[in-house]
> 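Encoded as structure tokens, here's the structure I'll be asking about.
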Amino acid sequence: MGKEKEETMNGSALGSTFEISLRILLMLNELPNSTLDEQQIGAIDFISVYAADFGLLDENLHGYSNYRFSEYPARKRMVTSALKDLVLDGFVRLHPTSTGYRYSIADAGKTVCGKLTSNYAEEYIIAVQTVINRFDNANAEAMLREINSVTIQSLKEVGHE
């Protein structure tokens, strides 16, 4: 990655496509022998960031904003953009299939992951491992059902405040 991007890793890039790119690399690095589709990547990332809301970890990596569940639909575009950039930059491999595209980490992406040693990166990796174990190796259908269920429950709770 370029110097400008490396500097951003240490600065505040929260909520950016670049931030999601780094998380995607960390995620795919935890699944080196797997390929994931865009839906799986988006769901794993969302549940990992808000793992406490899903009963998986003690804390959410991104806190407890009242608007956190509205992020999921907006995040889809950012995941698409991040994957495109990661493929074009050679950090992620693209695998065309009869049902769409799947993605895996490339050697250049593994190199970047080796440089991501912050507490946040370590906590995100733990969250990803927990999500993968909970959702039978990234079962997209089960993850989406759970996201919908937790979102609806959250809306009910907010409505009663």
Side-chain angles (χ1 to χ4, degrees), residues 1-2 4-87 89-93 102-140 142-144 146-151 154:
M1 294 193 144
E4 179 181 294
K5 286 186 179 180
E6 286 183 31
E7 288 173 2
T8 307
M9 285 191 301
N10 299 323
S12 178
L14 290 177
S16 69
T17 302
F18 181 70
E19 178 197 7
I20 288 179
S21 295
L22 294 177
R23 289 199 313 263
I24 290 170
L25 287 176
L26 289 169
M27 175 195 312
L28 293 176
N29 197 49
E30 287 304 300
L31 302 161
N33 300 318
S34 299
T35 60
L36 299 176
D37 65 26
E38 193 172 316
Q39 190 173 45
Q40 288 172 300
I41 290 168
I44 292 168
D45 182 60
F46 185 78
I47 295 171
S48 296
V49 167
Y50 294 112
D53 289 318
F54 293 90
L56 300 175
L57 296 175
D58 293 336
E59 295 290 328
N60 285 338
L61 284 172
H62 289 194
Y64 297 90
S65 160
N66 287 337
Y67 304 104
R68 63 191 180 275
F69 293 105
S70 65
E71 285 181 33
Y72 186 69
R75 224 182 251 214
K76 287 181 181 183
R77 284 188 305 266
M78 292 179 75
V79 168
T80 300
S81 178
L83 284 168
K84 176 183 158 196
D85 291 346
L86 288 167
V87 168
D89 290 341
F91 298 116
V92 168
R93 282 190 215 98
R102 298 182 71 79
Y103 303 88
S104 66
I105 191 139
D107 289 339
K110 291 177 185 178
T111 300
V112 171
C113 289
K115 296 177 183 178
L116 300 175
T117 58
S118 68
N119 286 342
Y120 179 90
E122 291 171 15
E123 291 175 19
Y124 183 75
I125 289 167
I126 291 167
V128 166
Q129 292 168 342
T130 303
V131 171
I132 296 300
N133 289 333
R134 163 66 177 82
F135 290 98
D136 193 28
N137 291 317
N139 179 317
M143 288 187 292
L144 293 175
E146 189 72 11
I147 289 169
N148 288 335
S149 174
V150 171
T151 299
S154 172

> Sequence neighbours excluded and cut-off under 3.5 Å, please list the side-chain donor-acceptor pairs for residues 76-84, or say none.
from, atom 1, to, atom 2, distance (Å)
T80, OG1, E38, OE2, 2.2
T80, OG1, K76, O, 3.0

> Can you list everything that forms a side chain to side chain contact (heavy atoms under 4.5 Å, CB included) with E146? Sequence neighbours excluded, please.
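Scan of E146 (side chain to side chain contact (heavy atoms under 4.5 Å, CB included), adjacent residues dropped) gives F54, R134, F135, V150.
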> Drop me the distance from D45's CG to R75's CZ, to the nearest 0.5 angstrom.
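Rounded to the nearest 0.5 Å, the CG-CZ separation comes to 5.0 Å.
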> Please list, chain by chain and in numerical order, all residues satisfying side-chain hydrogen bond (donor to acceptor under 3.5 Å, both in side chains) with T35, sequence neighbours excluded.
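Once residues adjacent in sequence are excluded, the partners of T35 under the side-chain hydrogen bond (donor to acceptor under 3.5 Å, both in side chains) criterion are R102.
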> Taking atom CD1 of I20 and atom CG of D85, what is their separation to the nearest 0.5 Å?
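Here the rounded value is 11.5 Å.
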> Out of curiosity, S48 OG to I126 CD1, how far, rounded to the nearest 0.5 Å?
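Going from the OG atom of S48 to the CD1 atom of I126 covers 11.5 Å.
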> Mind jotting down which residue pairs meet the salt bridge (Lys or Arg N to Asp or Glu O under 4.0 Å) criterion with at least one end in residues 59-70? Sequence neighbours excluded, please.
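Those involving residues 59-70 are D53-R68.
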> What residues form a side chain to side chain contact (heavy atoms under 4.5 Å, CB included) with S65, not counting sequence neighbours?
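Side chain to side chain contact (heavy atoms under 4.5 Å, CB included) list for S65, sorted by chain: Y67.
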> My understanding is that only residues two or more places apart in sequence, or in another chain, count here; which of them pass ring-ring contact (aromatic ring centres under 6.0 Å, His included) with Y103?
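Scan of Y103 (ring-ring contact (aromatic ring centres under 6.0 Å, His included), adjacent residues dropped) gives none.
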> Report yes or no: does D89 contribute a side-chain atom to a donor-acceptor pair with the main-chain N or O of F91 at less than 3.5 Å?
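No; zero donor-acceptor contacts below 3.5 Å.
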> Taking C-beta and beyond as the side chain, do R23 and V49 meet within less than 4.5 Å on heavy atoms?
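Answer yes - side chains close enough.
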> Write down the atom of N60, the atom of A51, and the distance for their closest heavy-atom approach.
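Minimum heavy-atom contact is OD1-N, 3.4 Å.
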> Atom OG1 in T117, atom CD in E122: separation rounded to 0.5 Å?
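So the gap between those two atoms works out to 7.0 Å.
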> A106: what forms a side chain to side chain contact (heavy atoms under 4.5 Å, CB included) with it, not counting sequence neighbours?
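Applying side chain to side chain contact (heavy atoms under 4.5 Å, CB included) to A106 gives R93.
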> Listed by chain and number, what are the ring-ring contact (aromatic ring centres under 6.0 Å, His included) partners of Y72, not counting sequence neighbours?
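Checked Y72 against ring-ring contact (aromatic ring centres under 6.0 Å, His included); matches are F46.
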> By the definition side chain to side chain contact (heavy atoms under 4.5 Å, CB included), identify the one residue from L25, I41, I105 that meets it with V92.
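Only one of L25, I41, I105 forms a side chain to side chain contact (heavy atoms under 4.5 Å, CB included) with V92, namely L25.
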> Who pairs with N33 by side chain to side chain contact (heavy atoms under 4.5 Å, CB included), at least two apart in sequence or on another chain?
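Expected list: none.
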> Are V128 and I132 packed together at the side-chain level, in the sense that at least one heavy-atom pair is separated by less than 4.5 angstrom?
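Yes; the side chains approach each other to less than 4.5 Å.
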> Do the side chain of N139 and the main chain of A142 share a donor and acceptor less than 3.5 angstrom apart?
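Such a contact is found between N139 side chain and A142 backbone.
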> Quick one: CG on L22 to OH on Y120, what's the gap to the nearest 0.5 Å?
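Nearest 0.5 Å value for the CG-OH distance: 9.0 Å.
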> With E123, which residues qualify under side-chain hydrogen bond (donor to acceptor under 3.5 Å, both in side chains), at least two apart?
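Residues passing side-chain hydrogen bond (donor to acceptor under 3.5 Å, both in side chains) with E123: none at all.
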> When you measure from the side chain of N133 to the backbone of Q129, do you find a donor-acceptor pair of N or O atoms at a distance under 3.5 Å?
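A pair under 3.5 Å: yes.
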> As an exercise, state the distance from CD of E30 to CD1 of I44, rounded to the nearest 0.5 Å.
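Here the interatomic distance stands at 11.0 Å.
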